Structure formats: C-alpha cells, structure tokens
**Student:** 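The following block contains the structure, expressed as structure tokens.
Model, not experiment: these values are computed from the prediction. These values consider heavy atoms only, across backbone and side chains, with no hydrogens, waters or symmetry-generated copies. Below, chains carry the letters A, B, ... as their sequence lines are ordered, and counting in each starts from 1.
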There are 2 protein chains.
Amino acid sequence: MNVFINLDFESKEPIYVQLIHQIIEGIAKGKIQPGEALPSVRSLAADIGINLHTVNKAYQHLKQEGFILIHRQKGVVVNPEGVPEADDAYRDQLKSKLHPLIAESICRKVSEQEFSELCSQLFTEFNEGKGGK
Amino acid sequence: MNVFINLDFESKEPIYVQLIHQIIEGIAKGKIQPGEALPSVRSLAADIGINLHTVNKAYQHLKQEGFILIHRQKGVVVNPEGVPEADDAYRDQLKSKLHPLIAESICRKVSEQEFSELCSQLFTEFNEGKGGK
DNA sequence: CATCTGTTATAGTTATAGTATAACAGATGA
DNA sequence: TCATCTGTTATACTATAACTATAACAGATG
C-alpha cells in the first residue's frame with residue numbers, strides 16, 4: 001500500500017507542495033481511486049522521512065480543495081464523490097497560472113500549435129495511466 | 001515612459017516575480033520593443049515604491065534568461081537580438097510547469113479541448129496587443 | 001566635477017518552511 | 001478496561017527567502 005511519492009529535497013519547491021502535486025497526479029492517473037484510503041499523517045511522514053506537520057499541511061490543503069476527506073478517527077480517503085468539477089473560480093485561477101507561461105512562450109517563439117501539442121502530450125500521458133493500471 | 005506595472009502587494013507571489021512576469025508580458029504583447037530602454041533600477045523602484053534591490057533581483061533574472069541586456073553605465077535595454085528561442089531545456093521546464101496544472105484539470109474534468117481553447121484565448125489576447133499598439 | 005548608471009556589501013525585519021516534542025480527544029480492537 | 005490508532009492543536013526552534021535600508025564603489029556622460 002506504499003505510495004509512489006518521489007520528492008526532491010534539493011528543489012526550491014516546498015515539500016508540502018510537491019506532496020500535493022504528487023497526490024493530485026496519482027488521482028489524475030487513476031493510481032488512487034475515489035474512496036481509496038491514504039496513509040495516515042504519521043505513517044506517510046515516517047515513510048518519506050519528514051515531519052508529521054508537513055504531511056498534515058499537504059492533507060489540509062487537499063481537503064480544502066475537495067480532493068480528500070478526513071475522518072477524525074478513521075483516516076484519510078480520496079473523495080468518494082470524486083473531485084469537485086471545475087467552476088469559474090478554478091478556471092480563473094488556471095488562467096492566471098497559464099498567463100505567464102504563455103507570455104514567455106510567445107517571447108521564445110513557441111507557436112500556439114507547438115504549445116497545444118505539448119499539452120496534448122501531457123493529457124495523453126495521464127490518460128494512459130488510467131487504461132494501464 | 002512610465003511603465004504599465006501593476007503589482008499586488010497582498011499577493012503571496014513575491015514582488016520580484018511579479019515584476020519579472022509583467023516585463024515578460026510587456027515584451028510578449030509588444031508593448032516593449034527589442035532595443036527599447038527600461039527604467040533604471042532606482043527610478044523604477046522609486047516609481048513603484050519598492051526597494052532598489054527588489055528591482056535589481058528581477059532585472060538580474062531577466063538578464064540571465066536573455067530577455068534584457070544590462071550595460072553597466074548606460075542602463076537596461078530589451079535584448080535587441082530578441083529573446084533567445086525555446087530550446088530543449090526550456091521545453092522541459094515548461095512541461096514541468098504545465099504538469100501539475102493539467103493533472104488538476106483532469107481531476108476536475110476539464111477536457112483537453114476546453115484546456116486547449118483556454119490556451120488559445122490567452123495566445124490571442126497577447127497577439128491582439130501586438131496589432132493594436 | 002557633479003550626476004547618472006549598475007554593482008556590491010552589510011544589516012535588519014518579517015514571513016514561510018520545516019522540524020521536534022508533547023498532549024488531547026474520539027474511535028477501535030483485544 | 002486499556003493500549004493503540006486516528007487527526008488535531010500548541011509551543012518552540014532553526015533555516016531560508018523576501019524585502020527593506022543605507023552606504024559606498026566604479027565607470028561613463030554632460
């Protein structure tokens with residue numbers, strides 16, 4: 001039941017953010033199914049070799065975004081209802097994150113087509129995971 | 001010659017990062033042309049109401065990425081040769097930035113088409129700026 | 001020679017990230 | 001009943017990043 005978490009302690013990206021991303025990717029690829037349990041804050045922290053609070057910080061964020069449910073005594077579970085679908089707030093947020101990426105791409109003469117193909121590659125990569133497992 | 005810089009001091013995004021993004025966007029939209037001069041670290045800092053070192057940090061980063069040239073006594077200029085075109089390193093970096101965005105989008109049932117259209121909107125938005133000004 | 005440029009150095013504050021313990025409260029299973 | 005698991009909360013400490021505040025230096029310009 002051990003988790004596919006790969007952290008880069010040298011990265012400038014905070015550990016708890018990496019954790020959030022890895023878990024979201026796990027859900028996106030279907031490696032973790034809705035309703036499935038995640039390790040407790042203590043066991044995951046011990047497995048990875050980090051502090052309990054760092055894991056808790058990531059879990060709290062995922063909970064607030066609707067990715068997981070936390071039962072006080074039972075533990076952590078991927079939202080059985082599935083992740084809340086995109087709303088306008090999410091789209092705005094997504095847009096503001098894409099904004100600087102596309103600005104720089106334009107400066108570097110990346111065409112809209114090439115950019116789109118790159119996104120397509122990533123989408124395919126995630127969906128292959130779903131079929132495979 | 002005053003610059004279209006809009007900073008959000010409440011944002012969790014560091015000021016110098018916002019500065020970097022705004023200048024890159026200015027170049028992407030053609031508001032600042034290659035060869036054109038940018039304000040000195042001191043004057044820009046004074047205009048915005050921030051410290052000289054914060055501006056310098058942003059300029060240094062833009063210099064290292066090839067967006068601007070810095071002549072020790074003349075000042076700062078948008079790279080007359082144009083911004084270095086995308087290479088493999090840049091594409092890898094771009095991919096790793098898109099990765100978590102697409103993962104979350106998949107979880108939230110954003111289709112590849114919708115995602116692609118969103119990118120297309122942003123591309124168009126930047127290129128409109130070029131025709132207009 | 002005063003004034004502009006970027007650059008460098010030093011120092012201080014504030015906030016965030018991460019760790020280290022400890023304790024609490026509710027549920028579970030022996 | 002009791003040890004053990006769960007998440008939660010509190011406190012404290014270290015390290016680093018972000019930002020500010022001065023000050024000074026070196027080279028070019030008018």
**Student:** C:dA15 P sits how many Å from B:E13 CD, rounded?
**Tutor:**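 Answer to the nearest Å: 19 Å.
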**Student:** Pairing of DNA chain D as dot-bracket, 5' to 3': ( ) intra-strand, [ ] crossing, | other strand, . unpaired, with Watson-Crick or G-U pairs under 3.5 Å?
**Tutor:** ||||||||||||||||||||||||||||||
**Student:** Closer than 3.5 angstrom, by distance alone: can the side chain of A:E36 be matched with the main-chain N or O of A:V77 as a donor-acceptor pair?
**Tutor:**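 A pair under 3.5 Å: no.
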**Student:** Could you run through nucleotides 21-26 of chain D and give me one letter per nucleotide, 5' to 3': B if any protein heavy atom sits under 4.0 Å from the base, S if only the sugar-phosphate is that close, - if neither?
**Tutor:** BB-B--
**Student:** In whole angstroms, how far is the P atom of D:dC19 from the CD1 atom of B:I48?
**Tutor:**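 Rounding to the nearest Å, CD1 of B:I48 and P of D:dC19 are 12 Å apart.
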**Student:** So, are B:R91 and A:E114 salt-bridged, with charged N and O less than 4.0 Å apart?
**Tutor:**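 Salt bridge: yes.
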**Student:** What is the distance, to the nearest angstrom, from the CZ atom on B:F9 to the P atom on D:dC19?
**Tutor:**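 Atom CZ in B:F9 sits about 10 Å away from atom P in D:dC19.
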**Student:** Distance check needed: C:dC4 P versus B:L44 CG, whole Å only.
**Tutor:**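 My rounded result for the distance is 17 Å.
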**Student:** Sub-3.5 Å donor-acceptor pair from the side chain of A:Q18 to the main-chain atoms of A:D8, do we have one?
**Tutor:**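 Looks like yes, one N/O pair under 3.5 Å.
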**Student:** Given 3.5 Å as the limit, does a donor-acceptor pair link the side chain of A:T54 with the main chain of A:I50, or not?
**Tutor:**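 Here the side-chain-to-backbone pair does not exist.
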**Student:** Check whether any side-chain N or O of B:Y90 sits under 3.5 Å from a backbone N or O of A:S105 as a donor-acceptor pair, and report yes or no.
**Tutor:**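 Checked: pair present.
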**Student:** In whole Å, what is the span from the CG atom of B:L19 to the P atom of D:dT20?
**Tutor:**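 Checked: the CG to P distance equals 10 Å.
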**Student:** Hydrogens and angles aside, do B:H99 and A:E25 bring a side-chain donor and acceptor to less than 3.5 Å of each other?
**Tutor:**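 Per modelled atom types, B:H99 and A:E25 side chains form a pair under 3.5 Å.
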**Student:** Flag the pair B:R108 and A:E65 as a salt bridge only when some basic side-chain nitrogen lies within less than 4.0 angstrom of an acidic carboxylate oxygen.
**Tutor:**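 Here B:R108 pairs with A:E65 in a salt bridge, since their nearest N and O are under 4.0 Å apart.
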**Student:** Any chance the rings of B:H53 and B:Y59 have centres within less than 6.0 Å?
**Tutor:**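 Not close enough - the centres of the two rings lie 6.0 Å or further apart.
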**Student:** Verify the contact: side-chain N or O of A:Y16 to OP1 or OP2 of C:dA17, cut-off strictly under 4.0 Å; return yes or no.
**Tutor:**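 The answer is yes; a side-chain N or O of A:Y16 sits under 4.0 Å from OP1 or OP2.
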**Student:** What's the NZ-P distance between B:K74 and D:dG30, to the nearest Å?
**Tutor:**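 Rounded to the whole Å, the gap is 11 Å.
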**Student:** Kindly state which residues belonging to residues 56-69 of chain A come within less than 4.0 angstrom of DNA chain D, counting heavy atoms of the residue only, listed by number.
**Tutor:**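 Those residues whose heavy atoms fall under 4.0 Å from DNA chain D, taken from residues 56-69 of chain A in numerical order, are A:N56, A:Q60, A:K63.
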**Student:** Any sub-3.5 Å donor-acceptor pair from A:Q22's side-chain atoms to A:L7's backbone N or O?
**Tutor:**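 The answer is no, because no donor-acceptor pair under 3.5 Å joins these two groups.
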**Student:** Hey, does the side chain of A:T54 come within less than 4.0 Å of C:dT19's phosphate (OP1/OP2), counting only N and O?
**Tutor:**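 For A:T54, the contact criterion (side-chain N or O under 4.0 Å from OP1 or OP2 of C:dT19) is met.
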**Student:** Just verifying a value: how many Å separate A:E112 CD and B:N127 CG, rounded to the nearest 0.5 Å?
**Tutor:**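 A:E112 atom CD to B:N127 atom CG measures 8.0 Å (nearest 0.5 Å).
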**Student:** Determine the sole option in B:V55, B:V76, B:I70 for which the side-chain contact (heavy atoms from CB on, under 4.5 Å) test with B:V41 is passed.
**Tutor:**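 Only one of B:V55, B:V76, B:I70 forms a side-chain contact (heavy atoms from CB on, under 4.5 Å) with B:V41, namely B:V55.
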**Student:** For DNA chain C, whose closest nucleotide is more 5', that of B:G75 or that of A:I15?
**Tutor:**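 Nearest nucleotide further toward 5': that of B:G75.
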**Student:** In whole Å, what is the span from the CG atom of B:L7 to the P atom of D:dT20?
**Tutor:**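 To the nearest whole Å, that distance equals 10 Å.
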